[in-house]
Chemist: 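Sharing a structure with you now.
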2 protein chains.
Amino acid sequence: MTVQHARSANIYDLRQASPTLPPAGVRPDDACDLFQGLGARMSFDRDEEIFGEGEPADFVYRVISGAVRTYRVLNDGRRQIGDFHLAGDLFGLEAGREHMLSAEAIGRCDILVCRRSTLFGLAARSPDLGQALWAQTARELERAQAHLMLLGRKSACERVATFLGALAGRQPGNREITLHMSRQDIADYLGLTIETVSRTFTQLQADGVIALNGCRHVRIVSIGALERLTE
Amino acid sequence: MTVQHARSANIYDLRQASPTLPPAGVRPDDACDLFQGLGARMSFDRDEEIFGEGEPADFVYRVISGAVRTYRVLNDGRRQIGDFHLAGDLFGLEAGREHMLSAEAIGRCDILVCRRSTLFGLAARSPDLGQALWAQTARELERAQAHLMLLGRKSACERVATFLGALAGRQPGNREITLHMSRQDIADYLGLTIETVSRTFTQLQADGVIALNGCRHVRIVSIGALERLTE
DNA sequence: CGTATCGTTGAAATATATCAATCGCAGTGG
DNA sequence: CCACTGCGATTGATATATTTCAACGATACG
């Protein structure tokens, strides 16, 4: 891991934190301006841990480039990925003292890191910032709740379709999706096995819904068909 | 649904909101005292809707007695219950304008209702309350994330065991659990079918882990065995 | 006491997991 | 430039947990 200061960066442009979600009741934009120049830039290698479950949540992170997974594991190694964080996304923000999940770099990536205590101190005096922090947590909650529906009640095909649709939704008008994560990561995110994920990709391609250009590049051929599969 | 004022009640005793979770970084207790006497008491009948997904989130709710389920449904009727809320629990608190899930009374129940705008107004001036509201959302997020692990990676038996263990954990030292919800509710919470839930209960009883006194009353015979099944 | 609703149990079907082999691509070294 | 190697992805065959379909039982209620 390497560190360098990045005074010009702005860890708190919350507008981009979760572009797929509807706007929350609060407008974090105002608060963002207060945080020009905060944070240090760090680089992480593939599979490097950024923080671990149960560790003190002393920092807040923002993805500059690359991708991050947050996850939990059971004793016997079964893993559930809670979310993927792509460029622009915030992660690691906790109301409590400790991290509830672990975070790892999916590939080599650059991360902006900011002390939590700084934000908390400022938030105690700035209601706008306080609301922005809350809104960020609320967005994560909304994503988690949508994911509960997926894991609890959707078929393998619907899970994969929902996943691809959500990724496509992040770049509106863009039917070309680059998968930063492996099949194992996707499987652990969708509550499936790699084999089922692979088979489902193949099936979607056979049905003319998507086209695969190498296993990390998906082109959505029929958005309508994909959304129909989403349920 | 019936309404009556309850000046002596305190919707904001957040201490009891989620007793199974570890204490968050903020201490809501101080903020709670600010809210003596807020809210109106309402009663809901079995299966009555308290609020619907997408509706304006103008109120915050607290369970006085009975139980509430929050859930989402897909077009074809598949339902995923996000959480159960028992006496003392807060629910319906949103950072955004709209409810992300629907809420229904599981049985006849009494609910304390408080205007959200009141809380928001006060929170803008009270950092403590602001933190308390945030902590409440963070607790919900933590519960959702634990549930992701359950739905994505645990077996039917582990799901049921985890569910029973969590319920028992709400009344420490109490091995007697009263199930306020039907088998269908449990199934929709655990991402299973009623039949599988029923069979799993039977199996746990056969294995000497639990004892059933009628389908709504469970006695945990071996806490150790139950926790081992939890994984 | 009859009726409705919910829960349990059984048998069969099926979606997904598991086990195992092959494929394909990227990097490496001859 | 081409074989070699290694790891991830795909495909196939089989196993299995859970669902589905169906019948029966229990409990609550009027």
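Side chains included, hydrogens not; waters and symmetry mates left out as well; all remaining heavy atoms used. We name chains A, B, ... by the order of the sequence lines, and we start the count at 1 in each one.
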Chemist: Find the distance B:Ile186:CD1 to C:dC6:P and express it as a whole number of Å.
Modeler: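 Computing the B:Ile186:CD1 to C:dC6:P distance gives 14 Å.
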
Chemist: With sugar-phosphate meaning primed atoms plus P, OP1 and OP2, does B:Arg46 contact a base, only sugar-phosphate, or nothing at under 4.0 Å between heavy atoms?
Modeler: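 Touches sugar-phosphate only.
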
Chemist: Which part of the nucleic acid, if any, lies within reach of A:Ile194 when heavy atoms closer than 4.0 Å are counted: base, sugar-phosphate only, or nothing?
Modeler: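 Here A:Ile194 touches no strand at all.
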
Chemist: Using atom CG of B:Leu212 as one end and atom P of C:dT8 as the other, report the distance to the nearest whole Å.
Modeler: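 Rounding to the nearest Å, CG of B:Leu212 and P of C:dT8 are 7 Å apart.
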
Chemist: Take A:Asp110 and A:Ser43 through the test side-chain hydrogen bond (donor to acceptor under 3.5 Å, both in side chains) and record every step on the way to the result.
Modeler: CA-CA 4 Å; A:Asp110 292 319; A:Ser43 288; 2.5 Å; yes

Chemist: Any chance you could measure A:Lys154, atom NZ, to A:Leu148, atom CG, to the nearest 0.5 Å?
Modeler: 12.0 Å

Chemist: Side-chain N or O of A:Thr202 versus OP1/OP2 of D:dT10: is the shortest distance under 4.0 Å?
Modeler: no

Chemist: Could you state the atom-to-atom distance from NE2 of A:His217 to C1' of C:dA26 in whole Å?
Modeler: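 Atom-to-atom, A:His217 to C:dA26, this comes out as 18 Å.
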
Chemist: How long is the line joining CZ of A:Arg216 and C1' of D:dT10, in whole Å?
Modeler: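 Checked: the CZ to C1' distance equals 14 Å.
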
Chemist: Does a donor on one side chain and an acceptor on the other come within less than 3.5 Å for A:Glu104 and A:Tyr71?
Modeler: yes

Chemist: Tell me whether the guanidinium CZ or amine NZ of A:Arg183 lies under 6.0 angstrom from the six-membered ring centre of A:Phe201 and within 45° of its axis.
Modeler: yes

Chemist: Answer with base, sugar-phosphate or nothing: what part of the nucleic acid does A:Ser182 contact at a heavy-atom distance below 4.0 Å?
Modeler: sugar-phosphate

Chemist: Would you please indicate if the ring centroids of A:His85 and A:Tyr61 are separated by under 6.0 Å?
Modeler: no

Chemist: Between A:Arg183 (CZ) and C:dC25 (C1'), how many Å, whole number?
Modeler: 13 Å

Chemist: For B:Cys157 and A:Ser198, find the nucleotide of DNA chain D closest to each by heavy atoms; which residue's nucleotide sits nearer the 5' end?
Modeler: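 The answer here is A:Ser198.
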
Chemist: Between D:dT11, D:dT19, C:dA17, spot the one nearest the side chain of A:Thr196, thanks.
Modeler: C:dA17

Chemist: Does C:dT16 have OP1 or OP2 under 4.0 Å away from a side-chain N or O of A:Arg199?
Modeler: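 Indeed not, no polar side-chain atom of A:Arg199 lies that close.
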
Chemist: Could you tell me how far apart A:Lys154 (NZ) and D:dT18 (P) are, to the nearest whole angstrom?
Modeler: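 In whole Å, D:dT18 P and A:Lys154 NZ are 22 Å from each other.
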
Chemist: Using the side-chain heavy atoms of B:Thr193, tell me which of these nucleotides is nearest: D:dT11, D:dT20, C:dG7.
Modeler: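 Looking only at heavy atoms from C-beta outward on B:Thr193, the closest nucleotide is D:dT20.
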
Chemist: When you measure only distances, ignoring hydrogens and angles, does the side chain of B:Glu195 come within 3.5 Å of the base of D:dC21 through a donor and an acceptor?
Modeler: yes

Chemist: Please state how far atom CG in B:Leu192 lies from atom P in C:dT16, giving the value in whole angstrom units.
Modeler: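 B:Leu192 atom CG is separated from C:dT16 atom P by 14 Å.
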
Chemist: Rounding to a whole Å, what distance do you find between A:Asp188:CG and C:dA17:P?
Modeler: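 Spelled out: CG on A:Asp188 to P on C:dA17 is 11 Å.
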
